[in-house]
2 protein chains.
Amino acid sequence: MMNIGEAAAASGVSAKMIRYYEETGLIPPAGRTGSGYRTYGPKEVQVLRFVRRARDLGFPMEKVADLLALWRDRGRASAEVKRLAEDQVAVLAQRIREMEEMKATLEHLVHACAGDERPDCPILADLGGGHCRT
Amino acid sequence: MMNIGEAAAASGVSAKMIRYYEETGLIPPAGRTGSGYRTYGPKEVQVLRFVRRARDLGFPMEKVADLLALWRDRGRASAEVKRLAEDQVAVLAQRIREMEEMKATLEHLVHACAGDERPDCPILADLGGGHCRT
DNA sequence: GGTTGACCTTACCATCATGGGAAGGTCCAT
DNA sequence: ATGGACCTTCCCATGATGGTAAGGTCAACC
């Protein structure tokens with residue numbers, strides 16, 4: 001049995017976050033010693049690592065909860081898990097697209113900017129420009 | 001002179017955000033009518049549109065403030081603007097890289113998952129697995 | 001002149017996931 | 001027994017946005 005600091009080190013989840021996950025119900029309340037310290041065993045650490053890994057893949061906490069529930073459900077259909085993962089792929093793809101677009105626009109502007117000591121700057125011109133109605 | 005609702009419509013920045021930008025000092029306090037309504041002219045709307053556009057390119061508010069300062073400074077060197085833009089391109093590129101990596105990992109897992117009614121699922125196996133000590 | 005509805009004001013709360021810190025209790029090794 | 005490293009709870013902050021509630025104002029219409 002480890003206390004929260006060791007569990008944090010073993011799982012890669014900060015002690016702060018472990019408490020938060022417990023508070024929000026993502027994970028069940030940890031056991032406690034007589035003096036109130038939380039205790040964790042290998043199973044709990046594995047759960048924490050699961051959460052960590054899912055977060056690393058960009059799943060929001062709500063989806064992590066869904067994944068955890070499926071993980072615990074031995075009668076799950078893998079199709080459900082796959083759907084969650086596919087949804088997440090779509091979310092990521094969308095975000096990537098948006099950022100690619102921002103990046104392309106910015107690169108275009110950067111390319112057009114002399115970048116010297118003169119004040120003329122197509123980047124500022126673009127930001128301030130567009131069309132203004134009085 | 002327009003009130004905040006019209007300025008919001010004209011700039012694409014919500015009234016809520018206009019007040020917030022003013023409160024945080026990103027933009028100077030708007031003029032007021034005798035009864036306390038904020039008033040905006042074409043110049044203010046242009047500033048708001050500048051902010052909107054910069055935010056659309058992913059600049060955090062702090063950088064938007066820097067850009068605004070340069071915009072107002074007629075003696076600026078375009079090199080400074082360019083540097084801000086290049087930094088932002090780098091930030092975007094980094095984020096894109098991270099998300100591409102997540103996406104690639106997930107796609108790999110999705111590909112390996114049968115997605116049927118059976119419980120066996122490489123996605124969950126990966127999340128829970130790695131190396132677990134029981 | 002009065003009513004109505006659309007607008008404005010401030011002030012507070014919520015998000016999402018995380019970190020920071022204070023004030024106080026516990027554990028262990030010296 | 002003392003010190004330092006740990007734990008506990010509680011509150012605050014982030015960044016940018018939305019929501020809501022209580023109350024004031026304006027303009028149009030009858």
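Lettering follows sequence order; numbering is per chain, from 1.
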> In plain terms, say whether A/E101 and A/R97 are close enough for a salt bridge, that is, a side-chain N and a carboxylate O under 4.0 Å apart.
no
> Rounded to the Å, how far apart are B/I18 CD1 and D/dG18 P?
11 Å
> Please tell me whether B/S78 and A/D120 have a donor and an acceptor in their side chains that are separated by less than 3.5 angstrom.
no
> Testing B/V89, B/V64, B/L67 one by one against B/L84 for a side-chain contact (heavy atoms from CB on, under 4.5 Å), which residue passes?
B/L67
> From CE of B/M17 over to P of D/dG19, roughly how many Å is that when rounded to an integer?
11 Å
> In this structure, how many angstroms lie between the P atom of D/dT17 and the OH atom of B/Y20, rounded?
8 Å
> If the cut-off is 4.0 Å, is B/S35 near the phosphate of D/dC26, judged by side-chain N/O to OP1 or OP2?
yes
> Report whether A/F59 and A/Y20 are members of the same hydrophobic cluster (ILVMFWY, side-chain heavy atoms less than 4.5 Å apart, transitive linking).
yes
> With a 4.5 Å heavy-atom cut-off, do B/M2 and B/P42 have their side chains touching?
no
> Round to a whole Å and report the spacing from OH of A/Y21 to P of C/dC16.
14 Å
> Scan nucleotides 2-7 of chain D nucleotide by nucleotide, 5' to 3', and note B when protein non-hydrogen atoms come under 4.0 Å of the base, S if they reach only the sugar-phosphate, - if neither.
----BS
> Just to be sure I understand the rule, does B/S14 reach a base, reach only the sugar-phosphate, or reach nothing, if contact means heavy atoms closer than 4.0 Å?
sugar-phosphate
> Nearest-Å distance, CD (A/E22) to P (D/dC10)?
12 Å
> Could you say whether B/E62 or A/R32 is positioned toward the 5' end of DNA chain D, judged by the nucleotide with the nearest heavy atom to each?
A/R32
> In whole angstrom, what separates B/E23's CD from D/dA16's P?
14 Å
> Does D/dG15 have OP1 or OP2 under 4.0 Å away from a side-chain N or O of B/R55?
no
> B/K16 has an atom NZ; how far is it from atom P of D/dG18, in whole Å?
10 Å
> What verdict does the side chain to side chain contact (heavy atoms under 4.5 Å, CB included) test give for A/T39 and A/R32, after you've listed the backbone C-alpha separation in whole Å, the side-chain angles of each residue and the deciding distance to 0.1 Å?
CA-CA 6 Å; A/T39 61; A/R32 299 280 185 144; over 6 Å; no
> Looking only at side-chain N and O atoms, does A/Q46 offer a donor or acceptor that is under 3.5 Å from a partner on A/R49?
no
> To the nearest Å, give me how far apart CG (B/D56) and P (D/dA16) are.
13 Å
